[in-house]
Amino acid sequence: MRLAVALAAKRFVHLRKASPSFSLRGVNFSGASYDYREKLSRNALLDLKLDDAVHLFGEMVQSRPLPSIIEFSKLLSAIAKMNKFDVVISLGEQMQDLGIAHNLFTYSILINCFCRRSHISLALALLGKMMKLGYEPDIVTLSSLLNGYCHSKRISEAVALVDQMVEMGYQPNTVTFTTLIHGLFLHNKASEAVALVDRMAVKGCQPNLVTYGAVVNGLCKRGDIDLALSLLKKMEKGKIEPNVVIYNTIIDSLCKYRHVDDALNGFCMHDRLEEAKQMFEFMVSKEFFPDVVTYSTLIKGFCKCKRVDEGMEIFQEMSRKGLVGSTITYNTLIQGLFQAGDCDMAQETFSQMDSLGVSPDRWTYNILLDGLCNNGRLEKAFVVFECLQKSEMELDILTYNIMIEGMCKAGKVEDGWDLFCCLSRKGVKPDVITYTTMISGFCRKGLKQEAHALLTKMKEDGPLPNSGTYNTLIRAHLRDGDKAAASELIREMRSCEFAGDASTIALVTNMLHDGRLDQSFLEMIS
DNA sequence: TTAGGGTTAG
């Protein structure tokens with residue numbers, strides 16, 4: 001067989017030692033009566049944990065007579081399904097050392113594991129060794145290799161491999177083509193991927209649900225909704241029923257669609273929320289029931305378009321259907337309500353979670369605290385925050401950032417600073433946002449010296465200041481008319497390869513118009 | 001006994 005793969009492999013044993021390693025010594029040997037077969041049954045393998053699997057391997061290699069290679073392949077396959085590829089490789093190596101011969105299946109498993117770990121050259125070496133021993137790779141072995149090429153930066157070799165396979169008389173199947181299609185998307189070759197869907201039918205291989213799933217997802221990720229919708233039509237023609245995930249993916253990208261349309265209402269933002277809703281209604285009409293993700297996606301879409309009332313209606317419809325929202329559903333809705341300024345309904349919705357047994361997570365609390373702070377309810381936020389600190393929930397820097405920002409914006413800079421100073425005691429490291437928020441708070445109160453002292457502290461022992469940090473300080477100086485200090489900071493910012501952000505440029509432009517600044521400033525920052 | 005895809009919040 002003429003394959004353009006390296007046949008250079010001499011030995012399997014030199015392939016890198018994998019971790020975690022373990023010793024076979026010390027494993028209790030229970031004798032020939034030990035029945036590993038039971039543990040290799042389909043159901044038992046589904047529940048198998050890694051430690052048990054490794055232990056089982058130890059027992060199998062000591063068992064006499066030795067288990068068949070089929071039994072070893074069942075075990076290796078189960079471990080590969082846990083994504084513990086290094087362990088499979090290590091066990092395969094040990095089998096080799098113990099004189100247990102591999103067969104086509106175990107070789108294929110190992111080749112797949114090397115590919116999944118992006119060790120293509122090792123996969124090729126093993127393929128070479130396998131062929132030397134007289135094992136012809138089958139379509140599965142070669143599809144694994146193809147997957148390896150697709151997931152590394154070798155898409156042209158992946159394409160070439162499929163051509164070679166055909167030349168050599170292999171019949172690529174749905175899995176082969178789907179693997180390549182996915183690889184093409186990974187390498188931003190969407191049109192080639194779509195073209196391949198049509199081509200595979202010509203080659204006598206009908207795309208299946210998985211194929212369409214890969215294509216629809218790839219197209220939606222790139223925002224090619226219309227193409228994705230045309231694929232949905234193709235599925236219909238091919239009598240392939242989309243599943244709920246495919247519908248959800250399309251609904252999500254319809255919800256995310258934003259397009260500035262100056263041809264329609266003058267100059268307006270065009271969205272496709274109505275189409276998302278129609279797709280949802282279409283599902284219902286076909287008695288194809290939307291799930292919690294469908295509802296959450298739609299709720300998010302309406303909230304983002306500032307149509308929280310309709311989001312709420314969808315939520316209520318979901319509840320009427322007997323579906324309980326997930327934490328994600330609630331987080332979405334609560335955030336939407338706060339953004340719409342409906343604090344009472346947001347808090348009521350939060351309480352409802354508790355009564356329905358849906359547990360709030362740290363994001364729920366972050367949304368709650370942020371919403372309360374931004375709606376002028378700092379006191380209430382503080383009560384919740386105090387409770388949280390006493391609770392078992394581990395607070396991360398984001399929660400502290402929200403509270404520090406809430407305090408600073410409410411003019412309570414000293415309280416913000418106290419909290420900032422507490423962080424090290426709580427074992428939480430302030431990040432660049434924490435520092436920038438605090439600097440911004442100092443600036444707002446006219447405490448520029450403090451702001452500068454904090455900038456210095458950052459440079460000494462904190463996270464490096466970023467574009468946001470500099471821009472915050474620059475704007476503060478400009479607002480105070482301190483052009484010299486602003487210029488100095490701009491120079492420093494430029495030396496760090498940052499530039500003025502949108503707010504700074506807008507401020508400078510305004511000040512240019514009313515004559516407070518001259519043109520040179522705009523040139524300096526942009 | 002070996003290979004492929006995918007959805008929601010922050």
Show, in sequence, the C-alpha distance, side-chain angles and deciding distance for A:Phe288 and A:Phe282, and conclude whether the ring-ring contact (aromatic ring centres under 6.0 Å, His included) test is met.
CA-CA 8 Å; A:Phe288 193 99; A:Phe282 176 71; 9.4 Å; no

Sugar-phosphate, base or nothing in reach of [X], heavy atoms under 4.0 Å:
{"X": "A:Ile109", "result": "sugar-phosphate"}
{"X": "A:Thr332", "result": "sugar-phosphate"}
{"X": "A:Asn147", "result": "sugar-phosphate"}
{"X": "A:Ser326", "result": "nothing"}
{"X": "A:Asp361", "result": "base"}
{"X": "A:Thr211", "result": "base"}

If the threshold is 4.0 Å, N to carboxylate O, is there a salt bridge linking [X] and [Y]?
{"X": "A:Lys49", "Y": "A:Asp51", "answer": "no"}
{"X": "A:Arg377", "Y": "A:Asp344", "answer": "yes"}
{"X": "A:Lys300", "Y": "A:Asp252", "answer": "no"}

Would you say A:Met235 and A:Ile246 make side-chain contact, with heavy atoms under 4.5 Å?
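Counting from C-beta outward, A:Met235 and A:Ile246 do come under 4.5 Å.
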
By a strict heavy-atom criterion of less than 4.0 Å, which residues belonging to residues 179-209 of chain A are in contact with DNA chain B?
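Only A:Thr179, A:His182, A:Asn208, A:Leu209 qualify.
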
Could you state the atom-to-atom distance from [atom1] of [X] to [atom2] of [N] in whole Å?
{"X": "A:Leu45", "N": "B:dT2", "atom1": "CG", "atom2": "C1'", "value": "14 Å"}
{"X": "A:Tyr149", "N": "B:dA3", "atom1": "OH", "atom2": "P", "value": "19 Å"}
{"X": "A:Phe57", "N": "B:dT1", "atom1": "CZ", "atom2": "C1'", "value": "15 Å"}
{"X": "A:Met130", "N": "B:dA3", "atom1": "CE", "atom2": "C1'", "value": "13 Å"}
{"X": "A:Leu146", "N": "B:dG4", "atom1": "CG", "atom2": "C1'", "value": "9 Å"}
{"X": "A:Ile314", "N": "B:dT8", "atom1": "CD1", "atom2": "C1'", "value": "13 Å"}
{"X": "A:Asn112", "N": "B:dT2", "atom1": "CG", "atom2": "P", "value": "11 Å"}
{"X": "A:Lys256", "N": "B:dT7", "atom1": "NZ", "atom2": "C1'", "value": "9 Å"}

Considering only [options], which nucleotide approaches the side chain of [X] most closely?
{"X": "A:Ile246", "options": "B:dG5, B:dA3, B:dT8", "value": "B:dG5"}
{"X": "A:Lys221", "options": "B:dG5, B:dT7, B:dA3", "value": "B:dT7"}
{"X": "A:Ser144", "options": "B:dG6, B:dT8, B:dA3", "value": "B:dA3"}
{"X": "A:Lys81", "options": "B:dA9, B:dG4, B:dA3", "value": "B:dA3"}
{"X": "A:Thr176", "options": "B:dA3, B:dT8, B:dT7", "value": "B:dA3"}

Between A:Ser351 and A:Asp354, do the side chains contain an N or O donor and an N or O acceptor separated by less than 3.5 Å?
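There is no such pair between these side chains.
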
Distance criterion of 3.5 Å, no angle test: do you see the side chain of [X] paired donor-to-acceptor with the base of [N]?
{"X": "A:Ser296", "N": "B:dT8", "result": "yes"}
{"X": "A:Asn248", "N": "B:dG6", "result": "no"}
{"X": "A:Thr249", "N": "B:dT7", "result": "no"}
{"X": "A:Asp138", "N": "B:dA3", "result": "no"}

[N] phosphate, OP1 or OP2, under 4.0 Å from [X] side-chain N/O:
{"X": "A:Arg116", "N": "B:dG4", "answer": "yes"}
{"X": "A:Arg42", "N": "B:dT1", "answer": "yes"}
{"X": "A:Lys300", "N": "B:dT7", "answer": "no"}

A:Glu275 side chain to A:Arg272 main-chain N or O, any donor-acceptor pair under 3.5 Å?
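Not confirmed, A:Glu275 side chain does not pair with A:Arg272 backbone.
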
Charged tip of A:Arg307 within 45° of A:Phe302 ring normal and under 6.0 Å:
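Negative - A:Arg307 is either too far from the ring of A:Phe302 or too far off its axis.
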
A:Lys286 atom NZ, neighbour heavy-atom count above 12 within 6.0 Å
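It does: A:Lys286 NZ has more than 12 such atoms within range.
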
